[in-house]
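Here, residue 1 is the first one in the sequence, and each next residue gets the next number. All values below come from the heavy atoms of this structure, side chains included, with hydrogens, waters and symmetry mates left out. Not measured: the values here are computed from a predicted model.
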Amino acid sequence: MREAAKTNRCVVYSRNIADKFQRDRFLKMSLPPEKITELKQIIHSQLNQMDIQNRIRDILSDTIQQDFMGQSGKVGEEELLHKLKQQGLVDDILHQLQFRGQQGGTTPATHFLDRDDKVTQLPTKKVNIDPTRRYVYFQIKGGKAFLEHIDESDPMPGQVSSFFMFHIYFRGQRFKSRPIPCACEPQIDEGFLLELHKESSGEAGKMADASTMLSISDPIHIVLIKTEASGETSLVSSNFFEWRTVLASSGNRMSMMLELKGTGNESKVPCGVIEIMMELFPKSTKNFGQDVVAAQISLEKSRQAERERLFLVYAKQWWKEYLQIRPAHQDRLVKIFAQDENMVNRPVNSFVKPLRGGRLLDSARHAARFVSLIHHEKVQSLGGGSKTEQWTNAHAFLCRNKGDCEDHAILLCSLLLGFGLDAYVCVGTKSKGAVHAWVVTISIEGTVVFWESLNGHRYIHLPIDPNAPPMDKQHRPKYPYKTIGCVFNHVSFYANNQPSDSVEVCKFNLKNEADWKSMSQDAVLSVCGPGASLAWPSMPPLCCSSLDSALVSNDLEQQLRVMVYEHRRDLGLTTNFDDQLSYLLTPALAAYELERVTGISAGNEEFQDSIKQAVPDGHTFKGYPIQFSHRNAKRAFATCLKSPVCEEIINCRGDHVRLGVRVKVYPYPENAIATWIMFACKYKSVL
């Protein structure tokens, strides 16, 4: 019995050691219950493999006989655990478990935590880390010198204030911070775990060594977005940060102050300073000197600069030859270079990259609908005046959810390329002479289709023959485009070489050198191909919508009902809503959205029949549908009242007046939305 009691006590102590190991190892980490159970099983299995119970039995037997002879009944658990620590048993367990986890054994840990963590290290965050992979923990501690917000005070309770939001993009990974109230010294304290190698890059199953990490030249793209209380967004800063300096820092951790510059005309003006801390997990066994890292970065920059210089020399010669063909070419919109939000000149081909929407977009027409729902805004120069040219990087464009026609056309072209279409961005003018960009696709059979990225409309292009007899019947183009100067995508660039740059007579046989002068694809790929200029970011993946369609639709509908009630009350009118009538409007909204996506109208017969069934004889029905790309109830209601038809419905007077309102929000990637609203009324006609 004594031996059995001792064995039971050993089992209890082994479990206590396992539990204490779990507390010490994961004290600062939050895990779901299923992960905790899994880790307990792994630890107990490992303890059994080490024959830990027999070792505990031997140590306790010797300890009780030597140090606690005659007082075994008074021996506490803490005293015995202290003796086990003195004998080195706990250290052996920790070393054994950590060694197996780092070697990628059959029981890999789900988190990584350095045993030598001290108070001076970065605070531990609740993140999952695979110890067989390399990570950079990138933390933004706080901000200073955001002088534009020096006069902003803390908002009153319930008051909505403007806020910052940081967006991080690195090697196909996207993160964003929580909303941070705007202030001169904003309290940020946000951390992001960036994986250095992804399976999509063909690097699965291996850990990046020091040389591999040194060759990863992708920068961390830091985008700062400001959102006003009204919901308007603005791009504050777009910064490309070189992370590899952490490889030369002591202990693979470092901190620094990073100055953020503005965008556009303010790209040389600081907008604020943020405190950055970085740490490499797991730590590298080989540390580079600062001179080695600096030399690698300098070598890459010099190579890119040389490629850009050679392309510039080629582009100048190509442009000279283009002008020699016809003097009128001097006035055509042949756009070879463009400036991004940081006022950096880049070949226009570098902005376009094939982008697959994954399971977020089902077709090219869904892609066109999605891009059209991103808000359009022209960049104005400081002090007003004409539009400032600025082609925004795709990541900054998606984060802001707003941009100019060039940004929309580039994103749509990239998505159409991802769907396998032969797509190009067109640069030209609209019917009123304004510079504009849109997309063209050319099928195998030669069918030419224009895609307007701002509204999702599609136009089939049939060129007019200028040499046809004047009596021949000529079709009238429906598209709003007047002239076209050039077309391009990620590998090709063509300048319009035809006698007239009018879109109506333009032929799109791009292989015909008499009609289109092409650039060498090798020259384009030398600066825009994969791996040619890694300082320019790749096309980021799309993020799925975080909106609950039913929830936001119902919320917006209730707000509009209250506004209708208050509006009619101010006019001295009573308000009665018909829930059944409101519900019957749903199929109409679904049909409108389907038509916007596919161009096909369906379900109209059923909708009309249901309305006829719901409206009694002698009654009149009126309806007014409208679509927005936001869900601000006040703005939507004010816009609706500007329509005479909608105003007549909302202000309806008569006998047995019943009102209906239905809202349906259709979510798309990047939280873009199509908000359909339909107001309706039925009333008894009085002659």
Side-chain angles (χ1 to χ4, degrees), residues 140 143-150 152 162-170 174-177 179-180 182-184 186 188 190 218-228 230-242 257-274 276 335 337-348 350-353 374-411 414 435 437 533 535-540 670:
I140 305 176
K144 297 180 180 179
F146 286 84
L147 301 181
E148 184 180 348
H149 308 280
I150 194 170
E152 293 193 12
S162 58
F163 60 87
F164 289 136
M165 185 172 288
F166 284 89
H167 297 259
I168 306 297
Y169 174 58
F170 179 70
R174 293 180 60 185
F175 305 88
K176 66 178 179 180
S177 70
I180 303 162
C182 293
C184 182
I188 305 171
E190 288 283 347
D218 303 65
I220 298 176
H221 192 194
I222 307 171
V223 173
L224 177 57
I225 301 294
K226 177 184 177 182
T227 304
E228 304 288 351
S230 62
E232 293 294 323
T233 59
S234 59
L235 178 61
V236 178
S237 179
S238 175
N239 189 284
F240 294 94
F241 179 69
E242 177 57 67
M257 303 301 292
L258 177 64
E259 185 180 68
L260 299 179
K261 297 294 182 66
T263 59
N265 294 328
E266 302 178 14
S267 59
K268 305 298 181 183
V269 181
C271 63
V273 179
I274 57 175
I276 287 178
K335 194 72 178 171
F337 295 91
Q339 290 184 336
D340 62 14
E341 68 270 23
N342 294 319
M343 304 298 285
V344 176
N345 277 315
R346 293 166 47 183
V348 293
S350 66
F351 289 88
V352 181
K353 301 289 182 184
I374 299 177
H375 303 288
H376 174 228
E377 181 183 81
K378 295 182 178 180
V379 181
Q380 300 294 332
S381 58
L382 188 62
S386 60
K387 162 189 153 181
T388 300
E389 182 185 277
Q390 176 178 306
W391 292 25
T392 310
N393 281 294
H395 179 227
F397 172 51
L398 292 174
C399 293
R400 190 190 175 196
N401 194 30
K402 186 183 296 184
D404 209 341
C405 60
E406 293 88 356
D407 305 326
H408 286 77
I410 288 170
L411 178 59
S414 299
V435 177
S533 300
W536 300 334
S538 59
M539 191 67 66
E670 301 295 332

Residue pair Glu377, Arg400: steps toward the salt bridge (charged side-chain N to carboxylate O under 4.0 Å, His left out) verdict: CA-CA 11 Å; Glu377 181 183 81; Arg400 190 190 175 196; 2.4 Å; yes
Least distance between heavy atoms, [X] atom then [Y] atom:
| X | Y | result |
| --- | --- | --- |
| Pro186 | Ala183 | CD-O, 3.3 Å |
| Ala338 | Trp391 | CB-CD2, 3.6 Å |
| Tyr169 | Ser538 | OH-OG, 2.8 Å |
| Ser238 | Asn342 | O-ND2, 3.0 Å |
| His221 | Ala396 | CE1-N, 4.4 Å |
| Lys335 | Val348 | O-CG2, 3.3 Å |

Can you tell me if [X] uses its side chain to pair, donor with acceptor, with the backbone of [Y] under 3.5 Å?
| X | Y | answer |
| --- | --- | --- |
| Ser237 | Lys261 | yes |
| Asp340 | Asn393 | no |
| Thr263 | Leu235 | yes |

Derivation and outcome, side chain to side chain contact (heavy atoms under 4.5 Å, CB included), residues Cys182 and Glu148: CA-CA 9 Å; Cys182 293; Glu148 184 180 348; over 6 Å; no
Other residues, nucleotides, ligands: >12 heavy atoms within 6.0 Å of Lys176 NZ: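 Not more than 12 within 6.0 Å, no.
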Note, Pro219 side chain near Glu242 side chain (heavy atom, < 4.5 Å):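 Side-chain contact under 4.5 Å: no.
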Side chains of Ser162 and Thr227 in contact at under 4.5 Å (non-hydrogen atoms):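 Not in contact.
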Residues Lys402, Glu232; criterion side chain to side chain contact (heavy atoms under 4.5 Å, CB included); working and verdict: CA-CA 9 Å; Lys402 186 183 296 184; Glu232 293 294 323; 2.6 Å; yes
From CA spacing to verdict: side chain to side chain contact (heavy atoms under 4.5 Å, CB included), His408, Ile374: CA-CA 8 Å; His408 286 77; Ile374 299 177; 3.8 Å; yes
Just how far is it from atom [atom1] of [X] to atom [atom2] of [Y], taken to the nearest 0.5 Å?
| X | Y | atom1 | atom2 | result |
| --- | --- | --- | --- | --- |
| Met343 | Glu266 | CE | CD | 11.0 Å |
| Ile274 | Phe241 | CD1 | CZ | 8.5 Å |
| Cys271 | Lys226 | SG | NZ | 11.0 Å |
| Ile188 | Ile140 | CD1 | CD1 | 6.0 Å |
| Thr392 | Glu341 | OG1 | CD | 5.5 Å |
| Phe166 | Cys399 | CZ | SG | 12.0 Å |

Pair Leu224-Phe146, side chain to side chain contact (heavy atoms under 4.5 Å, CB included): steps then yes or no: CA-CA 12 Å; Leu224 177 57; Phe146 286 84; 3.7 Å; yes
Residues Asp404 and His376: side-chain donor-acceptor under 3.5 angstrom: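 The answer is yes; a qualifying pair exists.
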Passing candidate, side chain to side chain contact (heavy atoms under 4.5 Å, CB included) with Pro540, options Lys353, His167, His395, Glu670: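 That would be His395.
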